[in-house]
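Report on one structure; see the data block that follows.
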Number of protein chains: 2
Amino acid sequence: MLDKPKRDRRAERHEATKAEILDAAWAQVRAEGLAALSLRDLARTVGMRAPSLYSYFESKHAIYDAMYAQGTQQFVDAQRALYPLPDEPLDALKAGMRFFVEFCAADAARYQLLFQRTIPGFEPSAASYRIAEESLAEVAELLTGFGITDPEMLDLFTALTTGIADQQLSNDPGGDRWIRLIDDAAEMFYEHTTRRAERHQLGRTTR
Amino acid sequence: MLDKPKRDRRAERHEATKAEILDAAWAQVRAEGLAALSLRDLARTVGMRAPSLYSYFESKHAIYDAMYAQGTQQFVDAQRALYPLPDEPLDALKAGMRFFVEFCAADAARYQLLFQRTIPGFEPSAASYRIAEESLAEVAELLTGFGITDPEMLDLFTALTTGIADQQLSNDPGGDRWIRLIDDAAEMFYEHTTRRAERHQLGRTTR
DNA sequence: GTCTATATTTGGATAGAC
DNA sequence: GTCTATCCAAATATAGAC
C-alpha cells in the first residue's frame, strides 16, 4: 500500500495558480473592461502562454464563472460583516443600503459581472447562481424583520438601492455624490412604507 | 453654367441607404446584444458585402455614434410628446417618471447604448452628447417647476427613476413588475421633498 | 458604389512533443 | 504542466478593379 500524505502539495499548488490567474483576470477587467478579457493577455500576465490556461480552466466562460463565484462570495462575506445590525429599523435600513451601494461602487467590473450580465452568452453556473440568490433572499428577510412584508415594497427598495449604486457608478465613479444621499433615501423609503402600512392597517380596522 | 437641380437625387439615395443600414443595425443589436454588432452580418442583411459599408460610415464606431444620435433624438421627441404636463405637480412627476422608465424599458439595447456605455472604447461625438445633455437638463427644469430646486433631490430623483428602469430591464424584461410601482414611487418622492422643503422653510423662519 | 481580394489582428481552442 | 505549432473563425479595414 502507498503512504498517503496528509497534504497534497500538487493540488495546493494547482489551486494557488488558479487563484493567481483569477487575480490577474480581475486586474485585467478592471483596467480594460469586463468584456475585454483576453486569454492571451491573461496568460502573458501570469507568465504563461495561452494554451497553458486550459490546465486550470476549461474555457473562458469557466474563468468568468469562477470570477462570478468569487464575487458572490465576497458579497456574502461583506454582508455577514453587517451583523449585528442596529436595533433601530431605520438605522439598520441605512446600514443595509450603504453596504450594498458601497459594495457595488467599490468595483465597477464586479458590479457589471454580478448584477448586469453584459457578457454575451455568459450565464453563471447553477451552483454560483444559487449562492447569489440566497444572499439576496437575506435582504428580503432583513426587510421583513422591519415589518416591511409587502413584496412591492421590497421591489421598490431594490430599485431605489440599485438606482443609487448605478448613478454613482455611471456619473461619479470614485466619488460620493450619490453615496451621500443614502441616509436621506433610506428615510424617504422608511417613512413611506410605515405610512403605507398604517394606512392599510387603518383601512382594515374601519371596515 | 450647369443647371443645378433642386433635389440631389444621389444624396437622397445615399441618406436613404444610411437609414436602412442603421435600421438593420438596431435590429441586430436588439437580437444579439449591443456589443455583438458585426459589420459582416450587418452588410449581409442589407444585401452588401462588408467593405461597401465604408461608403456610408467611416468606421464601426461611426455607426454606433449615428445610432446614439438617433436614440437621443427619439428621447427628445418622446419627451416633447409629454407636454402639456398635468397641472398637478404630483401627476406631472408621475408622467415624467413613466415616460423615462417606459422609454428605457421599450428597448434594452438602446438603453444600454444611451445610458450605460458598455461598448469598449466608444464615446459619443460631442454633437450627439450635447443633445443628450440638453435633454436631461429639461428634466431638471421640470422638477424646478415643481419647486424641487435642491440639486440633491434632483440626484435622488434620477437614482429612483433609473433604478426602476434598471430593475425592470434586468429582472422582468417585457413585463411590468416595476412599471407598476411608478405612481407609488413618485408619491414617495414627492411627499419626501415637500416635507423636506417645509422643514427647511420652518428652520429658516424660526431662526 | 460595389465588388473581390487581401491585409492584419485577434480571438478561443486543440494536438502533440517534451 | 507547459510549451510550440497550428487551426479555425471572426473581426475591422484597405486597395484596386469594374
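So you know, we letter chains A, B, ... as the sequences are listed, proteins then strands, and number each from 1.
Residues from residues 11-37 of chain A lying near DNA chain D, meaning a heavy-atom separation below 4.0 Å, are A/His14 in numerical order. Residues of residues 40-50 of chain B having a heavy atom closer than 4.0 Å to DNA chain C, listed by number: B/Gly47, B/Met48, B/Arg49.
Applying the side-chain hydrogen bond (donor to acceptor under 3.5 Å, both in side chains) test to B/Ser135 and every residue at least two apart in sequence or in another chain returns B/Gln79. Listed by chain and residue number, A/Ile164, A/Gln167, A/Trp178 satisfy the side chain to side chain contact (heavy atoms under 4.5 Å, CB included) test with B/Ala159 (two or more places apart in sequence, or in another chain).
Exactly one of B/Glu102, B/Glu187, B/Glu88 qualifies for a salt bridge (charged side-chain N to carboxylate O under 4.0 Å, His left out) with B/Lys94. That residue is B/Glu187.
First and last contacting nucleotides of DNA chain D toward chain A (any atom under 4.0 angstrom from a heavy atom, 5' to 3' order): D/dG1 to D/dA5.
In this structure, a donor-acceptor pair under 3.5 Å is present between the side chains of A/Ser128 and A/Ser125. In this model, no donor atom of one side chain and acceptor atom of the other lie less than 3.5 Å apart for A/His14 and A/Asp8.
Atom CG of B/Asp77 has more than 12 neighbouring heavy atoms from other residues, nucleotides or ligands inside a 6.0 Å radius.
Going from atom CD1 of B/Ile148 over to atom CG of B/Leu154 covers 9.0 Å, rounded to the nearest 0.5 Å.
Residue contacts for B/Ser55: at a heavy-atom cut-off of 4.0 Å it reaches a base atom on one of the strands shown. Using a 4.0 Å heavy-atom cutoff across all strands shown, A/Tyr56 reaches sugar-phosphate atoms only and no base atom.
Panel note: side chain B/Gln168, backbone B/Ile179; a donor-acceptor pair is recorded below 3.5 Å.
With B/Phe103 as the aromatic partner, B/Arg110 meets the cation-pi criteria of under 6.0 angstrom to the ring centre and within 45 degrees of the ring axis.
Residue pairs meeting the side-chain hydrogen bond (donor to acceptor under 3.5 Å, both in side chains) criterion with at least one member in residues 27-42 of chain A, sequence neighbours excluded: A/Arg30-A/Asp107.
One can place CG of A/Leu39 at 11 Å from P of C/dT14, the figure rounded to the nearest angstrom.
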